[in-house]
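The structure appears below as structure tokens.
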Amino acid sequence: METAHIIGGDHVTSSVLPAAEQVEARFYVSGVDVLAPDDTAIAVAFGDSWFEGVGSTTGANNRSVDFLNRRLTRGWVVNQGIAGNRLLRDEVGEHALARFDRDVLSLPGLTHVLVHFGINDLGLPGMSGEPPVTSDALIEGFKTLAQRVHQADLKILVATIGPFAGAVYPGISTPEGLAARREVNDWIRTADTFDAVFDVARAVENPEAPDHIHPDLDSGDGMHPNDKGAQAMANAVNLETLAL
């Protein structure tokens, strides 16, 4: 959710790029490493479009991860969200369990892993004609991810799966997928598998129709939060669970 300016040739010293192509994506620079005291908590937001920021205002740095970083007085949360990414199957990008070593374990100084997966596992099969993912399969995937996080001596904070019943994209919202979401969320809230849970679903849902995003927090597609929704997602994280 950033605007990049692309132009041919050497324009390192150019103050303006009048003929540049504008693209809504960020390229080339994936991160900046800085020195920090050893007792600084460093987290990674490992997940899908709800971390990447789809639905938030382009160029405004109003992703859920940006709002969470604004709440921190010390430490940082690195954004490794990929829109369309899934926990169990590839496309978009390698699935979470496949990209875990590269996108999580490679980060220097890492202490915590924040997770938001599940919407694409439940919704994308309806668009692509794949077999639906079951709640049992998703739960096993979350257990495997938690095991790998703990094996690396890190803490894992897992989000409940956000609502998507109002999705405007064909095939995303199905009775089976919504039922599986409720089952997985009930398990996430009560399982002792994770170090902490942040209840994104309750933070952004419409109380009168919990499978839907609250109208005030909906970006307009029924599936992604707007800036206010992203802030509500960030506020669902108890900062004490990010402390060392």
Side-chain angles (χ1 to χ4, degrees), residues 1-4 24-34 36 40-87 92-93 96 99-100 102-120 145 149 154-164 188 194-204 213 217-219 221 223-244:
M1 302 307 294
E2 291 290 341
T3 300
E24 288 189 7
R26 174 180 280 161
F27 299 96
Y28 308 123
V29 178
S30 61
V32 178
D33 293 344
V34 297
T40 302
I42 303 297
V44 58
F46 186 52
D48 50 33
S49 56
W50 285 47
F51 281 149
E52 185 182 354
V54 174
S56 65
T57 301
T58 301
N61 293 321
N62 281 340
R63 309 165 192 84
S64 59
V65 180
D66 298 319
F67 283 113
L68 181 54
N69 276 320
R70 291 183 194 125
R71 294 181 62 205
L72 299 177
T73 57
R74 184 174 178 181
W76 194 252
V77 182
V78 179
N79 195 338
Q80 293 283 42
I82 298 178
N85 199 227
R86 295 191 270 189
L87 178 63
V92 175
R99 69 183 180 98
F100 177 78
R102 181 193 68 218
D103 291 347
V104 174
L105 296 187
S106 66
L107 297 176
L110 189 66
T111 58
H112 297 72
V113 182
L114 285 77
V115 172
H116 183 275
F117 283 109
I119 283 183
N120 297 311
L145 183 58
V149 171
L154 304 170
K155 293 186 180 298
I156 182 169
L157 289 63
V158 173
T160 50
I161 303 170
F164 58 93
I188 289 174
F194 314 111
D195 297 288
V197 172
F198 53 113
D199 204 338
V200 169
R202 292 215 170 114
V204 304
I213 301 177
L217 308 180
D218 187 355
S219 66
D221 68 359
M223 189 176 178
H224 296 101
N226 58 18
D227 291 3
K228 289 176 61 178
Q231 185 171 18
M233 181 177 180
N235 288 344
V237 179
N238 180 350
L239 295 188
E240 292 184 2
T241 62
L242 285 176
L244 291 176

> Under a 4.0 Å N-O cut-off, is there an ion pair linking Glu52 with Arg26?
Replying inline: no
> Roughly how far, to the nearest 0.5 Å, is CG of Asn235 from NZ of Lys228?
Replying inline: 12.0 Å
> Hey, is the main chain of Phe51 close enough, under 3.5 Å, to the side chain of Asn79 for a donor-acceptor pair?
Replying inline: yes
> Applying the side chain to side chain contact (heavy atoms under 4.5 Å, CB included) test to Val197, which of Val115, Val237, Ile188, Ile156 qualifies?
Replying inline: Ile188
>> Restricting to non-hydrogen atoms, name the atom on Leu217 and the atom on Ala232 that form the minimum distance, rounded to 0.1 Å.
In response: CD1-CB, 4.3 Å
> Taking all non-hydrogen atoms of both residues, which atom of His224 and which atom of Asp218 are closest, and how far apart?
Replying inline: O-OD1, 3.6 Å
> Say you draw a straight line from CD of Glu2 to CD of Glu24; how long is it, rounded to the nearest 0.5 Å?
Replying inline: 10.0 Å
>> Is the shortest side-chain heavy-atom distance between Val149 and Phe100 below 4.5 Å?
In response: yes
>> Evaluate Leu145 against Val113 for side chain to side chain contact (heavy atoms under 4.5 Å, CB included), listing each step before the verdict.
In response: CA-CA 10 Å; Leu145 183 58; Val113 182; over 6 Å; no
> Which atoms form the tightest heavy-atom contact between Ala230 and Pro225, and what is the distance?
Replying inline: N-CB, 3.8 Å
>> Between Ser49 (side chain only) and Gly84 (backbone N and O only), is there a donor and an acceptor less than 3.5 Å apart?
In response: no
>> Can you confirm whether the side chains of Asp227 and Thr57 place a donor and an acceptor under 3.5 Å from each other?
In response: yes
> Is it true that the side chains of Arg71 and Asn69 contain a donor and an acceptor less than 3.5 Å apart?
Replying inline: no
>> Given 3.5 Å as the limit, does a donor-acceptor pair link the side chain of Thr111 with the main chain of Ile42, or not?
In response: yes
> Is there a side-chain contact between Thr241 and Asp195, using heavy atoms and a 4.5 Å cut-off?
Replying inline: no
>> So which atom in Asp103 and which in Val44 form the shortest heavy-atom distance, rounded to 0.1 Å?
In response: O-CG2, 4.0 Å
> If you measure from CG on Asp199 to CG on Asn238, what distance do you get to the nearest 0.5 Å?
Replying inline: 12.5 Å
>> What verdict does the side chain to side chain contact (heavy atoms under 4.5 Å, CB included) test give for Val104 and Gln80, after you've listed the backbone C-alpha separation in whole Å, the side-chain angles of each residue and the deciding distance to 0.1 Å?
In response: CA-CA 8 Å; Val104 174; Gln80 293 283 42; over 6 Å; no
>> Less than 4.5 Å apart, side chain to side chain, heavy atoms only: is that true for Phe194 and Leu157?
In response: no
>> Are Arg99 and Phe46 packed together at the side-chain level, in the sense that at least one heavy-atom pair is separated by less than 4.5 angstrom?
In response: yes
> Going through the checks in order, is the side chain to side chain contact (heavy atoms under 4.5 Å, CB included) test met by Met223 and Asn120?
Replying inline: CA-CA 10 Å; Met223 189 176 178; Asn120 297 311; 4.1 Å; yes
>> Can you tell me how far apart CD1 (Ile119) and CG (Leu87) are? Round to the nearest 0.5 Å.
In response: 13.0 Å
> To the nearest 0.5 Å, how far apart are CZ in Arg70 and CD in Gln231?
Replying inline: 8.0 Å
>> Restricting to non-hydrogen atoms, name the atom on Ala236 and the atom on Ala203 that form the minimum distance, rounded to 0.1 Å.
In response: CB-CB, 4.1 Å
>> Please determine whether side chain to side chain contact (heavy atoms under 4.5 Å, CB included) holds for the pair Phe198 and Leu114, giving the CA-CA distance in whole Å, both sets of side-chain angles, and the decisive distance to 0.1 Å.
In response: CA-CA 9 Å; Phe198 53 113; Leu114 285 77; 4.2 Å; yes
>> To the closest 0.5 Å, what do you measure between CG (Leu244) and NE2 (His112)?
In response: 6.0 Å
> Would a distance-only check, ignoring hydrogens and angles, find a side-chain to backbone donor-acceptor pair under 3.5 Å from Asn85 to Val92?
Replying inline: yes
> What class does the angle between the rings of Trp50 and His116 fall in, given that below 30° is parallel, 30 to 60° is tilted and above 60° is perpendicular?
Replying inline: parallel
> Where do Ala234 and Leu68 come nearest, in terms of heavy atoms and distance?
Replying inline: CB-N, 3.5 Å
> Are Leu154 and Leu110 side-chain neighbours, meaning at least one heavy-atom pair lies under 4.5 Å?
Replying inline: yes
